[in-house]
Amino acid sequence: MHIQVVSKGIDVSGALREQILGRVEDGVAKYFNRPGEAYVSISREGTGFRVECSVHLPSGVMLQAHGEADDAYKAAENTMERLEKRLRRYKRKLKNHHNDNKAELPAESLPIVVLKGMRDSHVEDEDDYEEDDTSGAPLNGAPEPIVIAEQVGEVRTLTVGMASLELDAADSSFLMFRNAANGGLNIVYRRPDGHIGWLNPAREDRSEPA
C-alpha cells in the first residue's frame with residue numbers, strides 16, 4: 001500500500017512515522033483485500049498538533065479522518081481510531097449494498113485541480129482592476145488563479161442512496177457522482193444542520209416548460 005506522510009512546519013520522528021504507516025496499512029487490510037492509497041499530514045494546531053489522513057480505497061471512495069491533541073502521538077492515535085471506525089462503517093454499508101444484488105456501476109476519469117486561495121492576495125482598490133468587455137478577463141494586472149496541484153480522480157456512477165451512504169461514511173463536505181438514473185452529474189453535500197443536500201440539475205431541467 002502506498003502511504004505518503006508529510007509534515008508541515010515540524011519534524012516527524014521515525015517512530016511516529018512507522019506507527020502511522022502500520023496503523024493505516026493494517027486498518028485498510030483488515031477490511032479490504034486490495035491495497036489502496038493514503039495521504040497523511042502532521043502539523044501544528046495552536047499549541048498542539050493536528051493529524052489528517054485521506055485514504056483512497058479500491059472501491060473508489062475517499063475516506064478522511066483527523067485528530068487533534070497536545071501531543072503528536074495522541075493526535076495520530078485519535079486520527080487512526082476515527083479512520084478505523086469509518087473503514088468499518090463503510091465496509092458494512094458496502095456489504096449491505098452488494099447484498100441487494102446490484103451490479104457494479106462504471107466510473108470515469110476527471111482532472112482535479114487545486115487553485116491557490118485568493119485570501120492572501122492584497123488588493124489596494126478593487127476599482128483599479130478592469131475587465132475585458134467581451135471576455136470578462138481581468139486587465140491591469142489583476143491576479144490570476146494559480147494552479148498548485150493537479151491529479152486525475154474518478155467520478156463514479158452511483159445511485160443517490162449509495163452516494164449519500166458514501167458521503168456519510170467519509171469525513172468530507174461533498175461528493176460528486178454521475179446519477180445512475182439519468183446520467184447527469186450530481187452532488188450530495190453535508191448541510192450545516194447535519195442533513196445531506198442533493199444537487200440534481202437534471203431534475204431542474206425537467207421542471208422547466210418546453
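- Between Leu199 and Tyr189 the shortest side-chain heavy-atom distance falls below 4.5 Å.
- For the pair Met1/Val28, a side-chain contact is recorded, criterion being any heavy-atom separation below 4.5 Å from C-beta on.
- No path of Ile, Leu, Val, Met, Phe, Trp and Tyr side chains, each step under 4.5 Å between heavy atoms, connects Leu16 with Val6, placing them in separate hydrophobic clusters.
- Proximity of a side-chain donor or acceptor of Lys74 to a complementary backbone N or O of Ala69 within less than 3.5 Å is not detected.
- Under the side chain to side chain contact (heavy atoms under 4.5 Å, CB included) criterion, Lys30 pairs with no residue at all, not counting sequence neighbours.
- Distance CZ/Arg17 to OG/Ser7: 6.5 Å, rounded to 0.5 Å.
- Here CE of Met80 is found 10.0 Å from CG of Leu87. Values are rounded to the nearest 0.5 Å.
- Residues that satisfy the salt bridge (charged side-chain N to carboxylate O under 4.0 Å, His left out) test with Glu81, not counting sequence neighbours, are absent from this structure.
- The backbone N or O of Val51 sits less than 3.5 Å from a side-chain atom of Thr79, completing a donor-acceptor pair.
- Dense packing is recorded around CG of Asp71, with more than 12 heavy atoms of other residues, nucleotides or ligands lying under 6.0 Å away.
- Put simply, CD1 on Ile196 and CD1 on Ile187 are 14.0 Å apart, with the number rounded to the nearest 0.5 Å.
- Separating the CG atom in Leu83 from the CZ atom in Arg88 is a distance of 10.5 Å, to the nearest 0.5 Å.
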- Item | Pair Val24-Cys53, side-chain contact (heavy atoms from CB on, under 4.5 Å): steps then yes or no | CA-CA 9 Å; Val24 173; Cys53 181; 4.2 Å; yes
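- Looking at residues two or more places apart in sequence or on another chain, you find a salt bridge (charged side-chain N to carboxylate O under 4.0 Å, His left out) between Arg178 and Glu108.
- Here the closest non-hydrogen pair linking Glu84 and Tyr31 is O-CE1, 4.3 Å.
- Contact annotation: the side chain of His195 never approaches that of Arg190 to less than 4.5 Å [non-hydrogen atoms, C-beta and beyond].
- Between Asn78 and Glu68, the shortest heavy-atom distance links the atoms ND2-O, 3.3 Å.
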For residues 37-48, which side-chain donor-acceptor pairs fall under 3.5 Å, sequence neighbours excluded?
none

- Task: Go through Arg156 and Met162 one step at a time and tell me if the side-chain contact (heavy atoms from CB on, under 4.5 Å) criterion holds.
- Result: CA-CA 11 Å; Arg156 300 164 61 207; Met162 191 59 190; 5.6 Å; no
- Which is it for Ile3 and Ile20 under the side-chain contact (heavy atoms from CB on, under 4.5 Å) test, yes or no, and what are the steps along the way? CA-CA 9 Å; Ile3 306 173; Ile20 292 174; 5.5 Å; no
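- For Val160, the side chain to side chain contact (heavy atoms under 4.5 Å, CB included) test picks out Ser164, Phe177, Asn179, Trp198, with sequence neighbours left out.
- Between Arg82 and Gly67, the shortest heavy-atom distance links the atoms NH1-CA, 4.1 Å.
- No side-chain heavy atom of Arg89 sits under 4.5 Å from any side-chain heavy atom of Lys85.
- Scanning for side-chain hydrogen bond (donor to acceptor under 3.5 Å, both in side chains) contacts around Ser13 gives Tyr73, with sequence neighbours left out.
- Put simply, CG on Asn186 and OG1 on Thr159 are 11.0 Å apart, with the number rounded to the nearest 0.5 Å.
- Rounding to the nearest 0.5 Å places CZ of Arg50 at 13.0 Å from CD1 of Ile10.
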